[in-house]
Amino acid sequence: MKDPKRYLVTSALPYANGPLHIGHIAGAYLPADIYVRYLRLKEKDVAFICGSDEHGVPITLRARNEGVSPQKIVDKYHEINKKAFKDLGIEFDIYHRTSDPLHHQTASDFFLTLYEKGEFIEKEEEQYYDEKEQQFLADRYIVGICPKCNYDNAYGDQCEQCGTSLSPKELIDPVSALSGNKPQLKKTRHWYLPLDKYQEQWLEDWIDSHRDDWKANVYGQCKSWLNQKLQPRAVTRDLEWGVPVPVKGTEGKVLYVWFDAPIGYISATKAWADAHGKDWEKYWKDKDTSLVHFIGKDNIVFHCLIFPSMLNAHGEYILSDNVPANEFLNLEGDKLSTSRNWAVWVNEFVKEFPDKIDVLRYTLAANFPEQKDNDFTWKDFQTRNNNELVAVMGNFVNRALVLTKKYFDGKVPECSELTDYDRDILSRAATIKEDLENSIENFKFREAVKIAMDMARLGNKYLADTEPWSLYERDIGRVQTILNVSLQITASLSIIIEPFLPFTAERLRNLLNISKLNWELAGKLDILGVGHEINKPKHLFQKIEDETVEKQVEKLKEARRKKEQEAQGIQPAKENVGFEDFSKLDIRVGEILEAERVPKTKKLMKLAIDTGLDQRTVVAGIAEQFNPEDIKGKQVSIAVNLEPKKIKGIQSQGMILMAEDSEGNLTFLSPGNETQKGAVVK
RNA sequence: GGCGAGAUAGCUCAGGUGGUUAGAGCGCAGCAUUCAUAAUGCUGAGGUCGUGAGUUCGAGCCUCACUCUCGCUACCA
């Protein structure tokens, strides 16, 4: 959108059950902050919205595990994350939260509007219900044996042992995590958002219309989902923690967290507008507002397909102008992982490097994963600091200030006649400002940060080329002009680095003894008046020693090692069963006669087995680790009296027994020496 | 397997609508310089632009096939 009347900028709502790491920051928060700080310097009307996403099952589960209320959990992380943002200089206009009554009201109203317009589909279906606790069980609240790896503590949505995603009905011997009882299937009613209908009606066209102005990864991801055809998506679920469904007779139902979370942007805007005497509706409903969502790539489908569907179904809202989603940031060559404890946590960084916040901002911005996944390394952090911030920017500012102090007692000297070269430098400064505008407005922040640094490079070049120190004896007038120009460049610098390095910008303003200036002054010659007195020069940045970053890398590896050791445990034994139960299983020694991969699958192998009783076909998930030729003629153990099941259209009559270690490596259970086919294993 | 994104200098990455000698920063080599936290400036070496075909007068950019990496997705009795 060209020159909108106002901007509404959102950053993905962090989920309030854990702290933030640099991957989050690089993905959705720092880019947004840079963008917004720029807009503010241009005195644009902008609202920068964020807050905690505080509903959903993982929070309730965590609360239960820790024996506290969900509210206690979200209160804790809301404060931690709010502080983390503040410490990083990420200045939202409001950091709201979805457990706030205003949000409940807003989300509730939103649902009701769609409900009354008849946008939803109503469906009744069977779900597991815990009689004792009198409630339906969320996927996560159902525990059972994983049908894949037999892990006996698998959740209804996923097995943590083997990583397979599951649905509750697939679990063997499901048990309620609440009461420990066996849950019953019971009918329940839910509402669905007909995304398939929207896809046909307008959504796909809308996405297509953004083929050229949205980033390739964003557009591509959307198309990928659309190609697979969107399905109606449940808007409500049976759970206590969340926004209650505002319809009679729906006790125990809340809005699905994916539905209420993005509405959090709206309620946060309301809260902000209320507090500042603004009209929130202008920001959400006026066509002249540019709505921009900053997110990580994992959130693309929600912000580009689902949330717009909700807004459009409601009817009064504008849709997003752009969704500049970033890819993922890696750390020291490995992907960031909370569970493997491979991360740089914001709260820890802030504690250890309170004076290096801008160094982190700079390093992250220079490495934003804008087009593809990118790597953060501590070595790079050090290099960027020492070779760029210290050597180029800090050094230039220091040179200009020290020379001024030395020659003119800290007062801005007069600017007399400009040479062609001076003019050339100044026009290049003006160009830098324009290039910077272009980059930021097109969400190219890596490029922008580089251009900002060019201002300092320009200053260094100017000093090197004009050599005021060698002119001082013979042409003091010229020296005055040179330093005046140099100081104007430092003043420009203080403006243009503000979006990226806000703390440094402030320090620089203090050195120059000026207040915050409007963006348009950048590149101008008359920012500092003649005779204006600057403060005593001080270094903007300090060098970082090798051992400092080596220590950080060591700390990372140590944390990971610890975590790995914790995780290496052998699966605990299952409950005892009677001999009767055991003897129900019929396991035989069989021989693999034929083996071939099932086409169009990654893991499946079709095996012909001679069981001694008969020849039969078995499908097994072993194709990733074995070649068909290598296993022909092998004697294996096979469960022969399992109910046959069709897999990928092939009738599988039995199951090959495999030993699986903690890393998922498979080994056949074969007899120690060749034996009779059909021999009974017992 | 399907879909999407990526593969460009030693490293991290840029390369609107195809057009003459493919760019930046860092690293490396040489020169200059001393106001500055041995910081700065200039110059230079370094690339068969994943592989193989094709379209075109001309392709890093377009088409097809293939390889590798990452993500989503299906199968896992």
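Chain identifiers are assigned alphabetically (A, B, ...) following the order of the sequence lines, protein sequences preceding nucleic acid strands; residue numbering begins at 1 within each chain. As the structure is a prediction and not an experimental result, all values here were calculated from the model.
Going from the C1' atom of B:rG50 to that of B:rC35 covers 49 Å, rounded to whole Å. Nucleotides B:rC26 and B:rA39, compared at atom P, are 12 Å apart to the nearest Å. Rounded to the nearest Å, the gap between the C1' atom of B:rU12 and that of B:rC28 is 16 Å. Taking atom P in both B:rG41 and B:rG25, the straight-line distance is 10 Å, to the nearest Å. Here the separation of B:rG10 from B:rU48, taken at their P atoms, is 8 Å to the nearest Å.
The partner of B:rG44 is B:rC28, by the rule that a Watson-Crick or G-U pair needs both atom distances under 3.5 Å. Both distances falling under 3.5 Å, in either a Watson-Crick or a G-U wobble arrangement, occur for no nucleotide opposite B:rG60. B:rU69 and B:rA5 make up a base pair, with Watson-Crick or G-U wobble contacts both under 3.5 Å. In this structure B:rG23 sits in a base pair with B:rC13, meeting the Watson-Crick or G-U test at under 3.5 Å. Summarising the base pairing, B:rA77 is matched to no nucleotide, lacking a Watson-Crick or G-U wobble pair whose two defining distances lie under 3.5 Å. Pair assignment for B:rU37 gives none, since no Watson-Crick or G-U wobble pairing has each distance under 3.5 Å.
Across the interface with RNA chain B, nearest-nucleotide mapping of A:Asn460 and A:Gln542 shows A:Gln542 to be the residue nearer the 5′ end.
Out of B:rC26, B:rU40, B:rC72, the shortest distance to the side chain of A:Trp225 is found at B:rC72. The side chain of A:Ser224 lies closest to B:rC3 when the candidates are B:rC70, B:rC3, B:rA5. Closest to the side chain of A:Leu604, from the set B:rA14, B:rC26, B:rC76, is B:rC76. The nucleotide whose nearest atom lies closest to any side-chain atom of A:Val392 is, among B:rU40, B:rU12, B:rC3, B:rU40. Nearest nucleotide to the side chain of A:Thr383, out of B:rC35, B:rU37, B:rC26: B:rC26. Distance from the side chain of A:Asp373 is smallest to B:rC70 among B:rC35, B:rC70, B:rC3. Which of B:rA39, B:rA77, B:rU37 sits closest to the side chain of A:Val390 comes down to B:rU37. Among the nucleotides B:rG15, B:rA24, B:rA36, the one closest to the side chain of A:Lys450 is B:rA24. For A:Ala391, counting side-chain heavy atoms from C-beta on, the closest listed nucleotide (B:rA39, B:rC35, B:rG25) is B:rA39.
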Return all side-chain donor-acceptor pairs below 3.5 angstrom for residues 442-456 of chain A, not counting sequence neighbours, or 'none' if the list is empty.
from, atom 1, to, atom 2, distance (Å)
A:Asn442, ND2, A:Asn438, O, 2.9
A:Arg446, NH1, A:Phe368, O, 2.9
A:Glu447, OE1, A:Ser439, OG, 2.7

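Listed pair A:Asn387 / B:rG27 meets the phosphate criterion, a side-chain N or O lying under 4.0 Å from OP1 or OP2. Using a 4.0 Å cut-off, some side-chain N or O of A:Lys461 falls inside it from OP1 or OP2 of B:rC42. Phosphate contact (OP1/OP2 of B:rC11, side-chain N/O of A:Arg384, threshold under 4.0 Å): absent. A:Lys379 has no side-chain polar atom (N or O) that falls below the 4.0 Å cut-off from OP1 or OP2 of B:rU12.
At the heavy-atom level, A:Lys406 lies under 4.0 Å from the strands shown only through sugar-phosphate atoms. Using a 4.0 Å heavy-atom cutoff across all strands shown, A:Phe328 reaches no nucleic acid atom at all. A:Glu467 comes within contact range of no nucleotide atom at all, as no heavy-atom separation falls under 4.0 Å. A:Lys372 comes within 4.0 angstrom of sugar-phosphate atoms only, judged by non-hydrogen atoms across all strands, and of no base. Using a 4.0 Å heavy-atom cutoff across all strands shown, A:Glu388 reaches sugar-phosphate atoms only and no base atom. Residue contacts for A:Leu226: at a heavy-atom cut-off of 4.0 Å it reaches no nucleic acid atom on any strand shown. Across all strands shown, A:Val402 has heavy atoms under 4.0 Å from sugar-phosphate atoms exclusively, and none from any base. Base contact: A:Gln228 has a heavy atom under 4.0 Å from a base atom. Contacts of A:Val618 with the nucleic acid, taken as non-hydrogen atoms under 4.0 Å apart, are absent.
Aromatic ring centres of A:Phe294 and A:Tyr35: separated by under 6.0 Å.
A:Asn330 has its CG atom 11 Å from the P atom of B:rU12, to the nearest Å. Distance CG (A:Asn386) to P (B:rG25): 18 Å, rounded to an integer number of Å. If you take CD1 of A:Ile451 and P of B:rA14, they are 14 Å apart, rounded to a whole angstrom. Rounded to whole Å, the distance from CG on A:Leu401 to P on B:rU37 is 12 Å. Nucleotide B:rC72 holds its P atom 21 Å from the NZ atom of A:Lys223, rounded to whole Å. When rounded to the nearest whole Å, the span between CD1 of A:Ile489 and P of B:rU40 equals 17 Å. In this entry the distance linking CG of A:Asp465 with P of B:rU34 reads 14 Å, nearest Å.
Ion pairing between a basic and an acidic side chain is recognised when a charged N comes within 4.0 Å of a carboxylate O; A:Arg588 and A:Asp614 show no such pairing. For the pair A:Arg384 and A:Asp380, the salt-bridge criterion is met [side-chain N within less than 4.0 Å of a carboxylate O]. At a threshold of 4.0 Å, the pair A:Lys606-A:Glu594 does not count as salt-bridged, since none of the basic side-chain nitrogens sits closer than that to a carboxylate oxygen. In this structure, A:Lys372 does not pair ionically with A:Glu327, as no charged nitrogen and carboxylate oxygen lie closer than 4.0 Å. A salt bridge is absent between A:Asp610 and A:Arg616; no separation between the charged side-chain nitrogens and carboxylate oxygens falls under 4.0 Å.
Looking at A:Asp358, its side chain does come within 3.5 Å of a backbone N or O of A:Thr504 through a donor-acceptor pair.
In the model, A:Gln480 has no side-chain atom that pairs as donor or acceptor with a side-chain atom of A:Glu414 under 3.5 Å.
Base orientation for B:rG46: syn, the chi torsion being within 90° of 0.
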